[in-house]
Asks: 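I have a structure here, written as structure tokens, and I will follow up with some questions on it.
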Amino acid sequence: SEGLMLLTNDGQVFNKLSHAHSHQEKEYFVTVDAVLTPAALLQLANGIDILGQVTRPATVLQLDETSFTIVLTQGLNRQIRRMCHKLGYRVTRLVRTRIKSLELGDLPAGQWRPLLPIEIEALWQGLPA
């Protein structure tokens with residue numbers, strides 16, 4: 001796994017952004033080891049039974065034969081890998097590209113930057129009290 005990661009000393013904002021029940025959007029680029037079927041993409045979008053519960057509906061967009069983007073509003077442990085495994089796929093690349101309105105953009109792997117005040121404010125918007 002790679003991509004956008006937030007480092008913070010504010011446990012309150014971290015918990016509100018990352019907890020499965022907060023329903024905050026996180027977008028991922030996913031590549032799998034076999035050709036995606038329309039049925040598999042539909043199941044990924046509608047929800048799959050993992051960890052004793054059905055995942056929340058997601059927005060899924062196929063990019064090519066073996067890759068897609070998925071927008072989750074849930075944060076279950078290894079959710080995308082478990083969903084793909086349940087459908088017979090192995091994830092070969094997984095990149096988080098967005099958390100709420102904050103996008104990875106062209107930031108190179110291993111690099112970091114501080115958030116702008118407007119980005120911090122946008123992350124706080126819509127979080128549970």
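What you see is a predicted model; the values in this text were computed from it and never measured.
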Asks: Please check if Val54 and Ile70 belong to a single hydrophobic cluster, counting links between Ile, Leu, Val, Met, Phe, Trp and Tyr side chain heavy atoms closer than 4.5 Å.
Replies: no
Asks: To the nearest 0.5 Å, what is the distance between OG1 (Thr55) and CG (Asp49)?
Replies: 8.5 Å
Asks: List the steps and the verdict of side chain to side chain contact (heavy atoms under 4.5 Å, CB included) for Phe68 and Leu44.
Replies: CA-CA 10 Å; Phe68 61 96; Leu44 287 166; 3.7 Å; yes
Asks: To the closest 0.5 Å, what do you measure between CG (Leu76) and CZ (Arg56)?
Replies: 10.5 Å
Asks: Run the salt bridge (Lys or Arg N to Asp or Glu O under 4.0 Å) test against Glu2 and tell me which residues pass, sequence neighbours left out.
Replies: Arg93
Asks: Does any N or O in the side chain of Thr92 come within less than 3.5 Å of the main-chain N or O of Thr31, such that one atom is a donor and the other an acceptor?
Replies: yes
Asks: I need the minimum non-hydrogen distance between Lys100 and Trp124, along with the two atoms involved.
Replies: NZ-C, 4.3 Å
Asks: If we only count heavy atoms from C-beta on, is the Leu123 to Leu6 side-chain gap below 4.5 Å?
Replies: yes
Asks: Between Glu103 and Gly105, is there a donor-acceptor pair closer than 3.5 Å when you use the side chain of the first and the backbone of the second?
Replies: no
Asks: Of all residues at least two apart in sequence or in a different chain, which pass the salt bridge (Lys or Arg N to Asp or Glu O under 4.0 Å) check with Arg98?
Replies: Glu25, Glu27
Asks: Show, in sequence, the C-alpha distance, side-chain angles and deciding distance for Val30 and Thr69, and conclude whether the side chain to side chain contact (heavy atoms under 4.5 Å, CB included) test is met.
Replies: CA-CA 6 Å; Val30 185; Thr69 62; over 6 Å; no
Asks: Sequence neighbours excluded, which residues qualify as salt bridge (Lys or Arg N to Asp or Glu O under 4.0 Å) partners of Arg113?
Replies: Glu119
Asks: Going through the distances and angles, do Tyr89 and Thr37 end up as a side chain to side chain contact (heavy atoms under 4.5 Å, CB included)?
Replies: CA-CA 11 Å; Tyr89 296 97; Thr37 66; 3.9 Å; yes
Asks: Under 6.0 Å from the CD1 atom of Ile118, do we count more than 12 heavy atoms belonging to anything else shown?
Replies: no
Asks: Give the minimum heavy-atom separation between Ala34 and Thr66, together with the two atoms involved.
Replies: O-CG2, 3.4 Å
Asks: Within the distance-only criterion (no hydrogens, no angle test), does the side chain of Arg96 pair as donor or acceptor with the backbone N or O of Leu4 below 3.5 angstrom?
Replies: yes
Asks: Output yes when a side-chain donor or acceptor of Tyr28 lies under 3.5 Å from a complementary backbone atom of Leu72, and no otherwise.
Replies: no
Asks: I'd like to know if the side chain of His85 pairs up with that of Arg90 as donor and acceptor (distance under 3.5 Å, no hydrogens or angles considered).
Replies: no
Asks: How long is the straight-line distance from CG of Leu36 back to SG of Cys84, given to the nearest 0.5 Å?
Replies: 7.5 Å
Asks: Establish whether Val71 and Ile99 are linked, either directly or via other cluster members, by ILVMFWY side-chain heavy-atom contacts under 4.5 Å.
Replies: no
Asks: The test is side chain to side chain contact (heavy atoms under 4.5 Å, CB included); show your working for Gln79 and Met83 and say whether it passes.
Replies: CA-CA 6 Å; Gln79 181 173 345; Met83 291 168 70; 3.6 Å; yes
Asks: Leu87 and Ile48: which non-hydrogen atoms are nearest, and at how many Å?
Replies: CD1-CD1, 3.5 Å
Asks: Just do the side chain to side chain donor-acceptor pair (under 3.5 Å) check on Ser1 and Arg78 with the steps written out, would you?
Replies: CA-CA 10 Å; Ser1 298; Arg78 298 177 55 86; over 6 Å; no
Asks: Minimum heavy-atom separation for Gly3 to Val95, with atom names?
Replies: CA-CG1, 3.9 Å
Asks: Indicate yes or no for a side-chain donor-acceptor contact from Gln43 to the backbone of Ala40 under 3.5 Å, with no hydrogens or angles considered.
Replies: no
Asks: Taking the side chain as every heavy atom from C-beta outward, state whether Gln74 and Gln53 have any pair of such atoms under 4.5 Å apart.
Replies: yes
